[in-house]
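Index from 1, following the sequence.
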Amino acid sequence: MNTDERGAKRFSVVARTRMAVALVVSGCLALVGLAVTGQASTPEGLEFVQVGHWVYNDAAQAAFHVDGSTNRVDARANVPSAGRGSQVVQGDDSGYVVERNRITEFDKSTLSVEESTPPPAPEAPFVMEIAGGPYLVYRNAGQLVRLGDPAATVPAGGPLSRPVATLDGTVWVHRVDNGAICELPKGAAVLTCTAHLPPTHGGGLTLVGDRPVVLDTTGDSLHRAGMDGLGEGLPLGIKLSPSAQVANSAVGDRLAIADPERNQLHLIDISGLDQDRPSAKPISVELTKGSRFNGPVSSSNVVAMVDETRGEVLTYDLAGTLKSTAKVPGEGTPPRLAKGEDNRIYVDSADGSHVLVVNGENGAVLDVDVDKAANSQTASEPSSAPEPPPGEEPPPQQRQQQQQQQAPPSTRKPVPPPVARATPPGAPRNVGATSGDGSIKVSWSPAADNGARVTGYRLTWPGGSTRVGGSARGTTVSGLKNGTAYVITVVAENSAGVGAGASAKAVVPGPTSRPAAAPVVTAKAGADGKVSVSWTQPDLRGGTLVHYLVSATGQGERKLSATSTEFTGVTGTATITVRAVTKFGSGSALTGAAGSRKVTVPVASGPPTITITQVRGKNGSLLVSVVADGKGAPATCQAEFFGKTNPVACSGATTLVIPEVAWVGAITITAYIKTSAGTATDTWRGVPS
């Protein structure tokens with residue numbers, strides 16, 4: 001069994017087919033955690049948003065579930081002997097108490113401990129509750145542990161900065177030792193590294209519009225990351241220290257970056273990543289001097305940080321306004337800060353005695369007293385009713401009822417389990433927006449109903465809101481100001497409450513005569529004069545794409561509907577230019593802004609050389625071994641013996657095959673090499689070995 005198989009077995013989950021469960025409160029005074037299994041089968045591929053947050057309470061030696069929508073503790077799983085300050089992370093069916101030397105799994109339906117396994121490294125991991133997870137990321141050891149199905153331990157090869165994950169369950173990591181940007185898709189067991197920061201550059205990862213973005217703290221810039229590497233840099237407009245930390249995601253069109261060395265929190269305008277317009281001036285907030293900070297962490301409208309020195313949680317809106325300051329009770333190590341899938345931010349006290357719940361919409365902070373809930377919870381039911389005082393015996397009928405009530409548990413009729421209660425819906429998917437004249441057209445895919453029919457969708461933006469029915473998949477927001485950027489957030493509602501929000505990228509309304517923005521162009525050149533070009537579809541500003549105009553220096557202009565092409569015969573340095581041509585209804589075509597990229601075709605350093613090192617005979621063929629040197633240019637080679645072989649690509653040690661020949665005694669073989677810089681030959685005479 002190899003290492004990956006052992007890791008997968010080690011972190012396997014006991015019951016992968018159990019249904020998603022809901023936690024309910026029973027009893028008037030006693031707080032009892034109860035979970036039930038649904039009666040209907042779960043549709044294949046259905047994803048549930050994890051609601052609420054688990055915390056480990058040192059005093060009670062148990063994990064407690066905090067419902068962020070009600071700010072109440074509604075479940076308890078006893079996990080004795082866990083170390084102080086243990087973390088808890090949840091998946092669809094199980095929860096996990098994570099210590100430095102042990103991971104203990106408990107069943108969310110029975111609230112009982114299942115098994116314990118050792119971690120891959122003795123450090124506190126970064127926990128992630130995402131689709132296909134949960135994940136434990138051991139940043140110093142460079143190990144990713146997936147506790148979901150299929151379980152896996154994935155080596156990253158080096159230490160990591162703080163990871164991020166997109167909504168489809170893809171984890172993105174940044175190797176701090178070599179700058180590699182790598183992705184681990186949902187269910188995969190091998191990282192794929194698609195981009196690199198320049199050598200010696202520091203940085204971190206974040207999400208903008210559910211796509212990975214790299215913060216280069218050395219170059220003070222932001223870059224999209226994807227299969228084609230890093231995109232064009234967006235200057236931050238500020239100078240960062242190497243220890244600057246970026247938030248997990250953007251808030252509207254602002255991205256939070258904390259710079260503790262300079263005692264500042266910056267809110268950067270990131271709309272320039274996707275739009276052809278200059279960025280607004282960064283908003284900078286002064287932080288308390290001498291304090292140590294954890295964060296920032298972002299929700300849909302709020303940025304939260306923890307002042308570890310003062311033991312306080314601070315929340316800000318996207319304008320940098322301080323919304324609330326709350327003291328974090330408890331003793332021990334600094335509080336922990338985590339983003340929940342329900343659009344709330346949770347702050348755990350070090351000992352698990354309190355959880356502060358940050359409202360992701362308005363930044364309000366509420367304290368949940370876990371200690372109080374633990375102390376008020378009933379451990380068991382009394383085994384019998386108290387004996388009445390002498391002379392106050394109940395009548396026979398009442399005595400019979402008491403005797404029935406005092407019968408052993410095995411004689412009682414089982415109580416049917418309660419129906420799992422519904423929870424607020426998930427976030428709408430695939431939210432998109434296109435601009436119009438004084439309006440924005442918004443579309444989305446339905447949100448997960450999480451047990452109760454979606455009754456409506458609410459759209460909000462700075463200065464307004466509207467509501468549409470639960471069956472709607474789009475609407476047009478009117479009465480907007482042309483030239484002003486709007487971020488529109490969509491949330492779903494059901495009988496259980498309001499779900500998490502999802503936003504489209506910032507859109508600027510304008511007249512239906514605005515040309516398209518500039519595409520982002522990528523170009524790669526080979527030494528043979530071939531240049532491969534690709535580009536992204538830009539913001540069409542509400543128009544319909546007609547075609548792209550693509551040109552290269554000395555190559556003329558092409559009309560294409562695709563987003564890639566190839567030029568041949570390019571020499572020296574060439575500029576590739578791409579423009580989008582759009583139309584609005586029956587109006588005339590408009591040519592958009594130009595996106596461009598310069599490329600330089602490598603030049604061979606000199607004429608090629610070739611040397612025959614050996615000639616062998618085998619099965620009626622001659623095998624001619626050569627050393628080919630194209631001097632930096634692609635080369636082809638041939639061998640001749642009464643006729644030439646077909647040209648083959650060659651570089652370094654290469655074997656040329658002359659098939660179906662016969663020879664006697666000494667023979668003469670000639671080898672040829674050809675590049676754009678010329679040709680060369682070498683001759684060998686002798687008896688083939």
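The closest donor-acceptor contact from the side chain of Asn430 to the backbone of Trp444 lies at 3.5 Å or more, if one exists at all. Proximity of a side-chain donor or acceptor of Ser284 to a complementary backbone N or O of His266 within less than 3.5 Å is not detected. With hydrogens and angles ignored, the 3.5 Å screen pairs a side-chain donor or acceptor of Arg597 with a backbone N or O of Val521. Remark: side-chain polar atoms of Ser298 are paired, donor with acceptor, to backbone N or O of Ser249 under 3.5 angstrom. No side-chain donor-acceptor contact under 3.5 Å links Glu361 to the backbone of Val302. At least one donor-acceptor pair closer than 3.5 Å links the side chain of Thr553 to the backbone N or O of Thr575. Looking only at distances, no side-chain donor or acceptor of Trp461 sits under 3.5 Å from a matching main-chain atom of Leu480.
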**Asked** When you look at Val533 and Thr522, which way does the side-chain contact (heavy atoms from CB on, under 4.5 Å) test go after all the steps?
**Response** CA-CA 6 Å; Val533 184; Thr522 302; over 6 Å; no
**Asked** What do the steps show when you test Arg175 against Leu160 for side-chain contact (heavy atoms from CB on, under 4.5 Å), and what is the final call?
**Response** CA-CA 5 Å; Arg175 284 267 303 270; Leu160 306 170; 4.1 Å; yes
**Item:** Derivation and outcome, side-chain contact (heavy atoms from CB on, under 4.5 Å), residues Leu222 and Leu236
**Value:** CA-CA 7 Å; Leu222 291 167; Leu236 299 177; 3.6 Å; yes
**Evaluation steps, side-chain contact (heavy atoms from CB on, under 4.5 Å), between Asn248 and Leu207** = CA-CA 6 Å; Asn248 53 300; Leu207 296 175; over 6 Å; no
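Nearest heavy atoms, Thr636 versus Pro647: CB-CB, 4.1 Å. Considering all non-hydrogen atoms of both residues, Thr609 and Ala680 come closest at CA-CB, 4.2 Å. In plain terms, the two heavy atoms of Glu557 and Ser551 that are nearest each other are CA-CB, 4.1 Å. Of all non-hydrogen atoms in Pro608 and Gly678, the two that sit nearest each other are CG-O, 3.5 Å. Nearest approach of Ile181 to Ala225, heavy atoms of both residues: CG2-CB, 4.2 Å. Summarising the geometry of Ser435 relative to Pro509, their closest heavy-atom pair is CB-CA, 3.9 Å, with the distance given to 0.1 Å.
The closest side-chain heavy-atom distance from Glu640 to Thr645 is not below 4.5 Å. Using a 4.5 Å cut-off on side-chain heavy atoms (C-beta onward), Leu205 and Val214 make contact. In this structure the side chain of Leu459 reaches within 4.5 angstrom of the side chain of Thr475, judged on heavy atoms. Here the side chains of Asp216 and Leu197 are in contact, with some heavy-atom distance below 4.5 Å. Here the side chains of Val171 and Leu144 are in contact, with some heavy-atom distance below 4.5 Å. Looking at heavy atoms from C-beta onward, Tyr672 lies out of side-chain contact with Thr679 at the 4.5 angstrom threshold. For the pair Pro428 and Val490, the minimum side-chain heavy-atom distance is below 4.5 Å. Between Ser465 and Arg458, the closest side-chain pair of non-hydrogen atoms falls below 4.5 Å.
Atom NZ of Lys530 is separated from atom NZ of Lys524 by 14.0 Å, given to the nearest 0.5 angstrom. In this structure, Asp539 CG and Thr434 OG1 are separated by 9.0 Å, a value rounded to the nearest 0.5 Å. Note that CG of Leu255 is 12.0 Å distant from CG of Leu318, once rounded to the nearest 0.5 Å. Taken to the nearest 0.5 Å, the CG atom of Leu215 stands 9.0 Å off from the CD1 atom of Ile268. Taking SG of Cys650 as the reference point, atom CD1 of Ile673 lies at 4.5 Å (rounded to 0.5 Å).
Looking at Thr489 and Ser503, their side chains do bring a donor and an acceptor atom within 3.5 Å of each other. Looking only at atom types and distance, the side chain of Ser271 has no donor-acceptor partner in the side chain of Asp253 under 3.5 Å away. Between Thr166 and Asp210, the side chains place no donor N or O within less than 3.5 Å of an acceptor N or O (distance only, hydrogens not considered). A donor-acceptor pair shorter than 3.5 Å cannot be found between the side chains of Glu493 and Tyr457. For the residue pair Asn343 / Ser300, a side-chain donor-acceptor distance below 3.5 Å is found, with atom types taken as modelled. Under 3.5 Å, the side chains of His547 and Ser561 contain no donor-acceptor pair of N or O atoms.
Ring geometry for Trp535 against Tyr548 counts as perpendicular: the plane angle is over 60°, on a 0 to 90° scale with 30° as the lower cut.
Other residues, nucleotides and ligands contribute over 12 non-hydrogen atoms within 6.0 Å of the NZ atom of Lys631. Enclosure of atom NZ in Lys339 by more than 12 non-hydrogen atoms of other residues, nucleotides or ligands within 6.0 angstrom is indicated.
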